[in-house]
Structures are given as structure tokens and as C-alpha cells.
Chemist: 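Let me begin by handing over the structure; questions about it come next.
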Amino acid sequence: MEHIKYDVVVVGCGFAGATAARVLAERGRSVLVIEQRSHVAGNCYDEKDPYGILVHTYGPHIFHTNQKKVYDFLSRFTKWYDYQHEVVGNVYGKYLPIPFNLNTLHEVYEPEKASRLETVLLQDYGEETRVPILKLRESDKEEIRELAEYVYENVFLHYTMKQWGQKPEEVDQSVTARVPVVLSRDNRYFQDAYQGMPLEGYTSLVDNMLSHEKITVCLNTSAKERLTLCEGKTPLLDGCPFEGAVIYTGAVDELFDCCYGRLPYRSLDFVFEHYEEEVYQPKAVVNYTVSEAYTRITEFKYLTGQKADGTTIMKEYSKPYQGKEGEIPYYAILNEENNALYNRYKEKAESCGNVILLGRLAEYKYYNIDAIVERAMEVGGNLS
Ligand code: FAD
Ligand code: UDP
């Protein structure tokens with residue numbers, strides 16, 4: 001039997017699957033990676049478009065972390081382009097720094113009012129503090145609540161409605177807290193110690209990660225074509241019992257034909273446009289916080305530092321995930337009901353032998369790249 005040579009099967013070849021596979025391979029395990037797409041790197045996949053511009057096919061990805069061990073691990077597989085991400089909001093035609101920070105404050109209000117508000121904010125919350133918008137709205141000072149209303153209305157409300165179909169106070173608080181009001185003059189989107197873009201792109205990074213004699217990658221193959229999971233039984237690989245661990249990084253409801261109902265996700269449509277202009281917009285990402293049907297426009301040359309005469313941009317449109325052919329679940333919708341449904345699937349998966357759920361889909365979590373790499377390093381490192 002061919003599969004007797006594998007110790008572990010990993011389903012999915014995004015950062016979760018690739019990291020776990022690499023760590024296990026370096027611990028001497030033979031790993032079979034099964035990926036349904038025709039390429040590696042999952043949603044971080046990048047490729048040249050027809051105009052030769054390196055684009056992110058499944059949405060813009062900027063690497064950032066405070067975890068030195070994650071940065072050091074990934075640095076074994078790539079050099080970095082030193083890029084510090086900045087975002088502006090298009091607010092009625094004016095570009096304002098996002099996250100809303102002290103520079104934004106001074107752009108929005110006349111000098112005297114801005115200075116007064118700055119003093120009160122720093123007194124109440126402290127320098128460099130990151131204050132979630134929903135917390136700022138609860139201030140006991142009227143003028144701070146007024147400022148919070150401005151930020152809520154012009155930065156969060158319409159963008160969040162487009163992205164989630166819900167108001168900021170209706171989505172899980174951790175979601176809007178990702179982009180707090182920042183009490184500093186730092187215009188960067190992330191303040192992490194390590195940030196940058198893989199010099200040759202994410203696909204190349206992941207290719208390098210998977211390039212190990214103990215890793216076999218099987219593309220264009222969905223898990224079910226090779227694996228059978230059944231409650232209380234040992235998984236079957238190609239029809240034969242497989243005693244090793246199965247690390248599953250796909251959507252867990254789809255593993256069981258959505259028997260308890262579909263886990264809700266948001267999906268995205270990406271619309272790419274190419275312009276024979278050097279530059280399209282002032283920053284890599286412009287968030288449309290009060291207008292347009294799309295949430296944001298990304299201009300890739302800023303992210304990668306690529307030099308070219310023309311430029312490619314991408315508009316993002318959010319929509320509910322319905323599980324249609326070709327549709328991709330991007331964002332878990334975190335709330336009590338959905339988390340409870342997820343837990344039912346998790347229990348079912350874990351009763352199918354040595355199955356480990358790992359990744360943004362499989363764990364129904366809002367992981368950034370660094371967080372999933374850290375988790376996958378742990379899982380791969382601890383597997384007996
Ligand atoms: P994925 O990348 O989704 O990989 C899962 C893989 O499993 C896929 O390749 C899929 O095809 C495969 N698969 C699924 N089911 C099966 C099956 N049944 N059989 C075979 N294969 C299967 N993070 C950041 O740190 N910075 C950012 O700027 C950033 N931007 C983002 C922008 C968007 C629009 C989104 C949606 C996410 C962003 N993220 C960002 C998060 C980042 O994408 C994730 O942290 C990361 O991709 C998670 O990796 P993963 O391996 O868990 O999932
Ligand atoms: N958000 C917003 N306006 C912005 C930026 C973010 O309302 O200009 C909210 C929105 O709800 C979004 C969340 O904050 O979904 C998290 O934003 P982030 O940029 O982290 O989203 P991601 O890049 O993961 O899509």
C-alpha cells in the first residue's frame with residue numbers, strides 16, 4: 001500500500017497546513033499534503049497577472065507579528081521587502097489616515113478643538129493607547145462621545161455594514177477592535193515589531209517551506225477523494241485504515257456534508273482592474289468608509305515594491321457565503337449561535353480517530369497569518 005509510507009496526512013496547503021507539514025517533516029515524519037486547489041499557499045497565494053504585476057488572488061495580505069519565533073521561522077524560507085503598511089479612508093473625497101489616530105484628529109478638526117480633544121484623550125486613556133471604537137463611545141465626557149460618533153459614523157458604520165451586513169455593535173467586539181482609535185502620531189496600520197512582505201511573494205515562501213524530502217504535496221485533490229472519516233472508526237486513506245494523525249485545515253461543516261446546517265461565513269468578490277498609469281491611489285489600501293459598494297481598493301505595487309509602468313488594483317465586495325460552486329468562505333461570523341454550531345462539528349470531527357482541526361476555517365477563527373503559523377508550529381511540534 002502506497003500510503004503506509006505516510007505518518008501524517010495534512011488537508012489543505014495554506015499557512016496552517018504548510019507550517020505543520022514542515023515542522024513535522026523536520027521531526028522525521030513523512031507527510032502527505034492534500035490540497036483541492038491547483039496551487040499551494042491557500043488564501044495567501046500570489047501570482048503575476050496578465051500585465052506582469054504580482055497580485056494577491058484572494059485578497060491583500062500583509063505580514064506582521066510581534067512573535068520573534070514566528071518571524072524567525074518564516075525568515076528561513078524568504079527574505080523580506082521592508083514594507084510598513086498604511087491605509088487611508090476615503091471620506092467624502094478626503095483621504096484620512098486609518099486607524100483614526102492623532103494625525104487624523106488634526107485633519108478632521110480645526111486646530112484649537114483638535115488640541116483640546118487630544119489633551120483630554122491622552123489624559124483619559126494615556127499615550128499610545130489603542131481604544132476600541134465601541135469603548136470610546138462609552139466615554140463619560142460629551143465631547144469625547146461626539147468625537148466617537150464622528151469616527152463611528154465616518155470610519156466604522158458603513159464599512160462594517162458592507163463587510164458584515166451588520167452594525168459595528170452587532171458584530172463580535174474583537175472584530176472592530178482590530179482597528180482601534182490609536183492615540184499616537186503613527187499612521188501605520190499595524191504597530192507590530194516585525195512586518196514586511198516576502199521578497200519573492202507568498203507562493204514562493206510556501207513552496208520553499210514544502211520543499212522537503214519528507215513532504216509529498218498532492219494538488220487538485222479534495223480530501224474526500226482520498227480520505228474517509230467516520231465517527232468512532234479509524235480514518236481510511238485510499239480505502240485502507242490510516243493510523244496516523246490527520247490535520248484538517250478546511251471548513252469543518254463541509255467535511256460532514258453540512259449535516260447540522262451550514263456554518264455561516266462571509267465571502268468576497270474581487271474585481272481586478274489594470275491602468276496604464278504609474279500610480280492609481282495615494283496608499284496601498286484605500287478604505288471606502290462612507291461611499292461605494294466595495295469596501296476597499298488595494299494597489300499591489302505599493303505592497304510589493306514592484307517597479308512597472310502600469311498598475312493593477314483590486315476592489316473587494318463582501319457577500320454572504322452560500323456554498324455555491326467556486327465560492328470561497330473567507331470570514332467566520334463569530335457569535336454565540338455560530339460558535340455553538342461549530343462546536344457540534346468539532347466534536348464530530350474529533351470522534352473520527354486522530355483528527356486535529358487547525359486553521360482559520362477548521363477552527364472557525366479570525367486568525368492572522370502569524371497567529372496561525374504560531375499555532376501550527378505548536379501542533380506540529382507537539383504531535384506524538
Ligand atoms: P487558508 O489559507 O484558507 O488555507 C486552507 C487551504 O485548505 C486552502 O488552500 C483550501 O483550498 C484547502 N482546503 C480546504 N478544504 C479542503 C478540502 N476539503 N480538501 C483539500 N483542501 C482543502 N492575515 C494577515 O496576517 N495579514 C493580512 O493582511 C491578511 N489579510 C487578509 C485578507 C483577507 C481578504 C482574508 C480573508 C484574510 C486575511 N488574512 C490576513 C488572514 C490569512 O488569510 C489567514 O490567516 C491565513 O490564510 C490562514 O491560513 P489557513 O491555512 O488557515 O487557511
Ligand atoms: N473596519 C471599519 N472601517 C475601516 C477598517 C475596519 O469599519 O476602515 C472594521 C470592519 O468591521 C472590519 C474590521 O474593522 O471588518 C476589521 O478590519 P481589518 O482591516 O482588520 O479587516 P481584514 O483586513 O481582516 O478584512
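Keep in mind the model is a prediction, meaning the values are calculated, not measured. First listed ligand is number 1; within each ligand, the first listed atom is number 1.
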Chemist: Would you mind listing which atoms of ligand 2 come within a distance below 4.0 Å of any non-hydrogen atom of Asn287?
Modeler: 4 (C), 5 (C), 8 (O)

Chemist: Of the protein's non-hydrogen atoms, which lies at the shortest distance from atom 45 (O) of ligand 1, and what is that distance?
Modeler: Tyr367 O, 2.8 Å

Chemist: Looking only at the aromatic ring of each residue, does the gap between the centers of Tyr202 and Tyr58 stay below 6.0 angstrom?
Modeler: no

Chemist: Return the residue, atom name and 0.1 Å-rounded distance of the protein heavy atom closest to atom 26 (N) of ligand 1.
Modeler: Ile62 O, 2.8 Å

Chemist: Determine, for Lys315 against Glu292, whether the closest basic-nitrogen to carboxylate-oxygen distance falls under 4.0 angstrom.
Modeler: no

Chemist: Can Phe15 be said to touch ligand 1, with heavy atoms closer than 4.0 Å?
Modeler: yes

Chemist: Below 3.5 angstrom, do we get any N/O pair linking Tyr331 and ligand 1?
Modeler: no

Chemist: For ligand 1, which atoms sit closer than 4.0 Å to a heavy atom of Ser222?
Modeler: 19 (N), 20 (C)

Chemist: Using a strict cut-off of less than 4.0 Å between a Lys/Arg side-chain nitrogen and an Asp/Glu carboxylate oxygen, indicate whether Arg22 and Glu26 qualify as a salt bridge.
Modeler: yes

Chemist: May I ask whether Tyr45 places a heavy atom under 4.0 Å from ligand 1?
Modeler: no

Chemist: Are any of the heavy atoms in Arg296 under 4.0 Å away from ligand 2?
Modeler: yes

Chemist: Could you identify the single nearest non-hydrogen protein atom to atom 40 (C) of ligand 1 and state the distance to 0.1 Å?
Modeler: His61 CD2, 3.4 Å

Chemist: Would you say atom 53 (O) of ligand 1 has a protein heavy atom nearer than 4.0 Å?
Modeler: no

Chemist: At less than 4.0 angstrom from any non-hydrogen atom of Cys44, what atoms of ligand 1 do you find?
Modeler: 47 (O)

Chemist: Among side-chain atoms of Thr203 and Glu47, is any donor-acceptor pair under 3.5 angstrom?
Modeler: no

Chemist: Just to confirm my output: which protein heavy-atom neighbour is closest to atom 15 (N) of ligand 1, and how far is it?
Modeler: Gly250 CA, 3.5 Å

Chemist: Does ligand 1 come near enough to Gly359 that some N or O of the ligand is less than 3.5 Å from an N or O of the residue?
Modeler: no

Chemist: Would you say Tyr366 and Ser174 make side-chain contact, with heavy atoms under 4.5 Å?
Modeler: no

Chemist: For ligand 2 and Thr176, I'd like to know whether there is a polar contact (N/O to N/O, distance under 3.5 Å).
Modeler: no

Chemist: Applying a heavy-atom cut-off of 4.0 Å, say which part of Pro60 lies close to ligand 1: side chain, backbone, both or neither.
Modeler: backbone

Chemist: Applying the ring-ring contact (aromatic ring centres under 6.0 Å, His included) test to Phe63, which of Tyr194, Phe15, Trp80 qualifies?
Modeler: Trp80

Chemist: For Tyr45, does the six-membered ring have the charged nitrogen or CZ of Arg37 within the cation-pi criterion, i.e. under 6.0 angstrom from the centroid and within 45° of the normal?
Modeler: no

Chemist: Whether Glu254 and Arg262 form a salt bridge (side-chain N of Lys/Arg under 4.0 Å from carboxylate O of Asp/Glu) is what I want to check.
Modeler: yes

Chemist: So for ligand 1, is Asp370 a polar contact partner (N or O within less than 3.5 Å, distance only)?
Modeler: no

Chemist: Specify the protein heavy atom at minimum distance from atom 1 (P) of ligand 1: its residue, its atom name, and the distance to 0.1 Å.
Modeler: Asn43 N, 3.9 Å

Chemist: For Phe256 and Tyr345, take the angle between the two ring planes, folded into 0 to 90°, and tell me which bin it lands in: parallel under 30, tilted 30 to 60, perpendicular over 60.
Modeler: parallel

Chemist: For Arg37 and ligand 1, does the shortest N/O to N/O distance drop below 3.5 Å?
Modeler: yes

Chemist: Provide, to 0.1 Å, the distance between atom 7 (O) of ligand 1 and the closest protein heavy atom, together with that atom's residue and name.
Modeler: Gly12 CA, 3.2 Å

Chemist: Taking only heavy atoms of Ile369, which atoms of ligand 1 are found under 4.0 Å from at least one of them?
Modeler: 23 (N), 24 (C), 25 (O), 45 (O)

Chemist: I'd like to know whether ligand 1 has Val40 as a neighbour, heavy-atom separation below 4.0 Å.
Modeler: no

Chemist: Taking all atoms of both residues into account, what is the closest heavy-atom pair of Val23 and Gly381, and its distance?
Modeler: CG1-N, 3.6 Å

Chemist: In the protein, what heavy atom is nearest to atom 10 (C) of ligand 1, and what distance, to one decimal place, separates them?
Modeler: Glu35 OE2, 3.5 Å

Chemist: Indicate yes or no: does Arg185 engage Glu118 in a salt bridge with an N to O separation below 4.0 Å.
Modeler: yes

Chemist: Decide whether an N or O pair under 3.5 Å exists between Phe63 and ligand 1.
Modeler: no

Chemist: How far is atom 15 (O) of ligand 2 from its nearest protein heavy atom, and which residue and atom is that?
Modeler: Trp164 NE1, 2.8 Å

Chemist: So that I can tick it off, tell me whether Arg145 and Glu142 are bridged by a salt bridge, with the cut-off set at under 4.0 angstrom between side-chain N and carboxylate O.
Modeler: no

